[in-house]
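To start, the structure under review is shown below, and the notes come after it.
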Amino acid sequence: MGGFRVTYATLTADDTELEAAYTAAVESVRGELGATHPLWVGDDERFGDTFTTVSPLDTSVEVGHFTHADAEDVDEVVEAARAAQPAWAATPWQERCEILDRAADLISERSVVDGAALAWENGKSRLEAIGEVEEAADLIRYYTHAMREHDGFAVPMQRFSELEVTSDVMRPYGVWAVIAPFNYPSALVAGPAGAALVAGNTCIIKPSEIGSLSGHLVYRALVEAGVPAGVVNIVTGGADVGSQLVHHSGVDGLTFTGSSATGMSILQSFSTSYPKPAICEMGGKNAVIVAASADLDLAVEGTARSAFGFGGQKCSAASRVFVDESIADEFVRRLCARAEAVPATSPLEPGGFLSPVVNAAALERFDAVIADVRHTGEVLTGGERLTDGHHAAGNYVAPTVVRVPDDSTIWTTELFLPLIAVRSVASLDEALERANAVPFGLTAGLFAEDDSEVDRFLDRIEAGVVYVNRAAGATTGAWPGVQPFGGWKRSGTAGKAGGGPYYLQQYLREQSRTHVQRA
Ligand code: NAD
């Protein structure tokens, strides 16, 4: 595509070749939707009872029929992954990296077509969809890079005598489960699976029901690149299938990305007879702070993109704004105007920005929140379902800005809707205090031109991913190797961020090897 590369900082795809290819892919993928997909348990392709998912862009479009794994399938997939693990761990890490780099290249080569599939599946705009598939590839590349950079994690240690030789190595845990969310169904399968596999674990992918098609596309790229059968496997289904994996004694480690409530319960139930690693990446309630010194153009643009992009369904979405009282009226007026100016274009079309919410439950959540705001606070703009034009076929709601009282749960609950609450504050200190006064700590953004304010923000904000003066997204748009992504507090268990320098090590355990030589 003429060297043009889509990332989350890409504001327009000013590339006619790319736009034409995507438009064609939207149609060709549409023609292929509705297929029945199996489980892959080792090299065994299994069909059985299915569940059906529909597109949030047009709920009359069936995305696919996916085989629902039963308890026996889960037992057997764990068995297949266990059987394949010793040989994969014994495969030189350089070879594992080559295979995974090939998988990343296949994913990149297919980013337009697989991006279109992802868009049909969860409603992402074309830039977000292509960007996510590219992110999936770059996450894998980042972990092969990390493995190489650490030379396979074999370190010669100091010694007390010439005859006592110690090396320190990092070894895989065994079987790793990857339980993924609907909102990044490609990247959050490929990233954790890539890290697990590079490290020498075998892997069981359990996508979100709504992300099952994208999960299969990542699985296919891994297998076509040469990841052997059994080393990677895929089982589809709902919470029941995830829960069976979590409670299975044959699973040695897991990465869960999803809601905080589920992640916390997984964390508490995964380790039974001995501690096992559980990387849980969870929800957010991300704040933007607009200081008196802020450039308002940047602040409005960055806040709107983060609050309304992908219908507010990014874990990093901005859902709270604290704005200095001296500029609050002007900021709120302009943010509302920006919300009202979001184009009505379908997210499948060039320039489309507003995505539908994912399902009927999200629409109902929106209605309930709006009813609550109308009762306790004020809807400043939006607050309606959208039903005109192409919106009629899908789950659309208007970008919404609200003002609610301090004791409203809207300040503390992750809603996953294109809805942001605004509040004026007397100072940066007050803004920081309010921003930190939630159990979450995923992302945060500041708009300020004063360096001492920037320092104060960076010093005190309790979040794993923070941005200053970012119009492309006040709180959103991290990229592997550029902005490591991980949450603090109730947003993440690991304290280490995906796509960052300390991530891969979590999929490995250390072994110190002392070998006393004969004199
Ligand atoms: P979810 O928690 O409903 O589901 C996530 C996955 O867990 C799905 O595959 C689901 O089937 C499975 N699951 C559900 N209950 C389970 C259980 N009891 N045991 C095992 N597995 C179970 O989340 P979702 O709605 O798909 O995704 C949105 C959530 O994910 C939001 O809270 C968002 O903030 C979070 N998220 C976080 C990050 C991050 O990096 N921190 C990234 C993306 C999404």
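Counting convention: from 1, in listed order, for ligands and their atoms alike. Remember, it's a predicted structure, so these values are computed and weren't measured experimentally.
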Inset, instruction - Could you tell me which residues satisfy ring-ring contact (aromatic ring centres under 6.0 Å, His included) with Tyr173, sequence neighbours excluded, listed by chain and number? - result: Trp176

Legend entry - For Trp88, ring-ring contact (aromatic ring centres under 6.0 Å, His included) partners two or more places apart: none

Inset, instruction - Would you check if the distance from the ring center of Tyr143 to the ring center of Tyr503 is below 6.0 Å? - result: yes

Legend entry - Non-neighbouring partners of Ala81 that pass side-chain contact (heavy atoms from CB on, under 4.5 Å), sequence neighbours left out: Val175, Thr202, Ile204, Asn233

List below, pair by pair, the N or O atoms of ligand 1 and of the protein that are less than 3.5 Å apart, including the distance to 0.1 Å; reply 'none' if no pair qualifies.
| unit_1 | atom_1 | unit_2 | atom_2 | d |
| --- | --- | --- | --- | --- |
| ligand 1 | 2 (O) | Ser259 | N | 2.9 |
| ligand 1 | 2 (O) | Ser259 | OG | 2.8 |
| ligand 1 | 9 (O) | Ala180 | O | 2.7 |
| ligand 1 | 9 (O) | Lys206 | NZ | 3.0 |
| ligand 1 | 11 (O) | Lys206 | NZ | 2.8 |
| ligand 1 | 11 (O) | Glu209 | OE1 | 3.3 |
| ligand 1 | 26 (O) | Phe182 | N | 3.0 |
| ligand 1 | 30 (O) | Gly258 | O | 3.4 |
| ligand 1 | 32 (O) | Glu414 | OE1 | 2.5 |
| ligand 1 | 34 (O) | Glu414 | OE2 | 2.6 |
| ligand 1 | 41 (N) | Met282 | N | 3.3 |
| ligand 1 | 41 (N) | Met282 | O | 2.7 |

Legend entry - Lys314 charged N/C atom sitting above Tyr184 aromatic ring, 6.0 Å / 45°: no

Legend entry - Heavy atoms from other residues, nucleotides or ligands near OH of Tyr502 exceed 12 (cutoff 6.0 Å):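 Counting neighbours around OH of Tyr502, 12 or fewer heavy atoms of other residues, nucleotides or ligands fall under 6.0 Å, so no.
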
